[in-house]
Amino acid sequence: MLKIYNTLTGKKDVFEPLVPGTVRMYVCGVTVYDYCHIGHARSALVFDVVRRYLEYSGFRVEFAKNFTDVDDKIIKRANEQHVSCDTITATYIQAYHDDMRRLGVRPASIEPKATEHMADIVRLTETLIAKGLAYQVDGDVYFEVAKYGDYGRLSKRKMEDLQAGARVGVDERKRHPMDFALWKSAKPGEPAWPSPWGQGRPGWHIECSAMSIRHLGETFDIHGGGMDLIFPHHENEIAQSCGATGKEFARYWMHNGFVQINQEKMSKSLGNFFTIREIFEKSEWAEAETGEMLRYFLLATQYRGPLDFSDQALKEAKNAVNGFYDLFARLAETGGNASGDAGLNPAIERCTVAFQSAMDDDINTPVAIAALQGLRSDVNKLLDQGLSAKSRKQAREEFRSLGQCLALFQLDKWQFNRPKNVVPLAGTAKASARVMSAPLIMHSGGDEEEQRIQRLVEERCEAKKRKEFKRADEIRTELASQGITIEDKPDGTSRWKR
RNA sequence: GGCGCCGUACCCAAGUGGUAAGGGAGCAGUCUGCAAAACUGCGAUGCAGCGGUUCGAACCCGCUCGGCGCCUCCA
């Protein structure tokens, strides 16, 4: 039984979708005017994991994640770079997809754009005016907060409190300082669409209402996003949507915590952010491996809590992931008896029960990972006793199956410690220089290199057989200087890794 | 000013009324030609501090200290 912490109720609610068997969820995506940072990565990954676990639990998931592609910041960026807004948004949508692919975040089933829903937005705005919840001033349309009774329900704020905190210098044409724009008249040179109120563009909040209603219906199950969206964005979405439809909007509201740097929120304005592509660029590991350690790092903390990002934390995550892939390497080997086979099913059963109950408890990924760590330990012990080929395969499959929920452990056995061969994407610090040297970097990780290492490893095994330990140690030292570690197996052969 | 969050071992991190999961790092041991990996053992009598409620509190209540977030764009 899945429980989800619902911002709306302030507690963990039992999750039951409106339509049995199908979950409809909407997550606020990004405004496409710049590269994504780790904070965006966390949000995207967390909701990807929610979706994966719902699917694992047997639900069909209709998952919509939008792109905000009309916005002041986009217009500003386009003007700065003397290009069209379309160029900016196309660039960063592509960048978003690249980043998500490297992170292992699956595309949503629907990825709507604000610019493609102008008719829906205009219609929704008209409805709100017709219902007396919105008013027109010049070419602008505002939502009238005072006319909507439940305002503040999500963020637990009272209208009076908001009034007290409202900034001075608000638009005098607004009837209340908290009234917000549904439609903004266009200034010369800005992108604009026709409307009953003249040429203009939508306000920020209305697009999410229009797109979620369009793709998921007036009432749907889960709405997610970062904590910072609770107010005003999600509060306003609720007001608009419920105001227009008269029905319940999203039933469960999930909000992820921030990624921090030295206890402070990572944000553009503070300048203390790392972009996703920067992390991949700076990583000394190949793309797939960097993605894996990043995922492990991001999921090792429960999604609602704050998460401090640092090189050390990433290194620790890498070491932890190493333990799993060391086990997978053992599982991939042949030989051994079946003395431990009888213990495997009980161990898998224990792990699965623990894993599911952790995930059922508001997607508690750290506890779910602990369950997998438990299985890792159990399987290593059974492997010391001996596991048949069939059992080894079964064990590996179990990690793959449960790991699928966390987007973890899908890599093949030897891939984890490959050297770096990242081909940089645009927007990284040394993108152009690295592109030039990319073929060389990739060559160092190629088959030829692996064959050379393999030959040395074999030579060392021969030396060991002849008890020529001096020569064997020489080879090991030489390989170690290249970052390669050798592990001798009981049968006299060796495995190696970087 | 309003609303809210965080403070658990060297580090990361669960636990939210029944007597401190898990990981990383470290130390010791087993195994090994030596290593590595694996395995075994060690590690908070205590959960920022002080009071209170309770048979019992890291968990509930109050106060204090330290840090942060939202209220303006923000994952």
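FYI, side chains are in, hydrogens and waters are out, and symmetry mates aren't considered; it's all heavy atoms of this structure. What you see is a predicted model, and the numbers here were worked out from it, not measured in a lab.
As a whole-Å value, the separation of A/Arg476 CZ from B/rU32 P is 15 Å. Atoms NE2 (A/His205) and P (B/rU72) sit 10 Å apart, rounded to a whole Å. Protein atom CH2 of A/Trp496 is 16 Å distant from nucleotide atom C1' of B/rA37, rounded to whole Å.
With hydrogens and angles left out, the side-chain atoms of A/Gln394 and A/Glu398 include no donor and acceptor closer than 3.5 Å. Residues A/Asp98 and A/Gln94 bring a donor and an acceptor atom of their side chains to less than 3.5 Å of each other. Under 3.5 Å, the side chains of A/Asp69 and A/Tyr92 contain no donor-acceptor pair of N or O atoms.
Salt bridge annotation for A/Glu468-A/Arg471: absent, with no cationic side-chain nitrogen under 4.0 angstrom from a carboxylate oxygen.
Both distances falling under 3.5 Å, in either a Watson-Crick or a G-U wobble arrangement, place B/rG1 opposite B/rC71. With both pairing distances under 3.5 Å, B/rG51 is matched to B/rC61 as a Watson-Crick or G-U wobble pair. Base pairing annotation: B/rA20 forms no Watson-Crick or G-U wobble pair, as no partner gives both donor-acceptor distances under 3.5 Å. Base-pair partner of B/rG46: not found among the strands shown (Watson-Crick or G-U wobble, both distances under 3.5 Å). Of the nucleotides present, none pairs with B/rA25 by Watson-Crick or G-U wobble criteria with both distances under 3.5 Å. The nucleotide B/rA35 finds no pairing partner, because no Watson-Crick or G-U wobble arrangement with both distances shorter than 3.5 Å includes it.
Using a 4.0 Å heavy-atom criterion, one finds that A/Gly225 contacts the sugar-phosphate atoms exclusively. Nucleic acid contact for A/Lys489: none, since no nucleic acid atom lies under 4.0 Å from a heavy atom of the residue. Across all strands shown, A/Asp308 has no heavy atoms under 4.0 Å from either base or sugar-phosphate atoms.
Proximity of A/His234 to A/Phe249: side-chain heavy atoms (C-beta onward) are nowhere separated by under 4.5 Å. Side-chain atoms of A/Asp311 and A/Lys282, non-hydrogen and from C-beta on, never get closer than 4.5 Å to each other.
Taking the P atom of each, B/rC12 and B/rU8 are spaced 8 Å apart, rounded to whole Å. Rounded to whole Å, the separation between the C1' atoms of B/rG2 and B/rC60 comes to 25 Å.
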Below 3.5 Å is the cut-off: list the nitrogen or oxygen pairs between protein and nucleotides 20-28 of chain B, distance only.
none

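Taken residue by residue, residues 148-157 of chain A places heavy atoms nearer than 4.0 Å to RNA chain B at A/Ser155, A/Lys156, A/Arg157.
Note: A/His97 and A/Phe67 have perpendicular aromatic rings, judged against thresholds of 30 and 60 degrees for the angle between ring planes. Below 30°, between 30° and 60°, or above 60°: for A/Phe324 and A/Phe409 the angle between ring planes is between 30° and 60°, a tilted geometry.
With distances taken from any side-chain atom of A/Asn380 to the nucleotides B/rA14, B/rG33, B/rC39, the minimum falls on B/rC39. With B/rC34, B/rA75, B/rA37 as the candidates, the nucleotide lying closest to the side chain of A/Val30 is B/rA75. For A/Lys265, the side-chain atoms get nearest to B/rG69 when compared with the rest of B/rG69, B/rC39, B/rA14. Each of B/rA35, B/rA37, B/rC70 was ranked by its minimum atom distance to the side chain of A/Asp326; first place goes to B/rA37. Picking from B/rG33, B/rA75, B/rC68 the nucleotide with the shortest atom distance to the side chain of A/Asn256 gives B/rA75.
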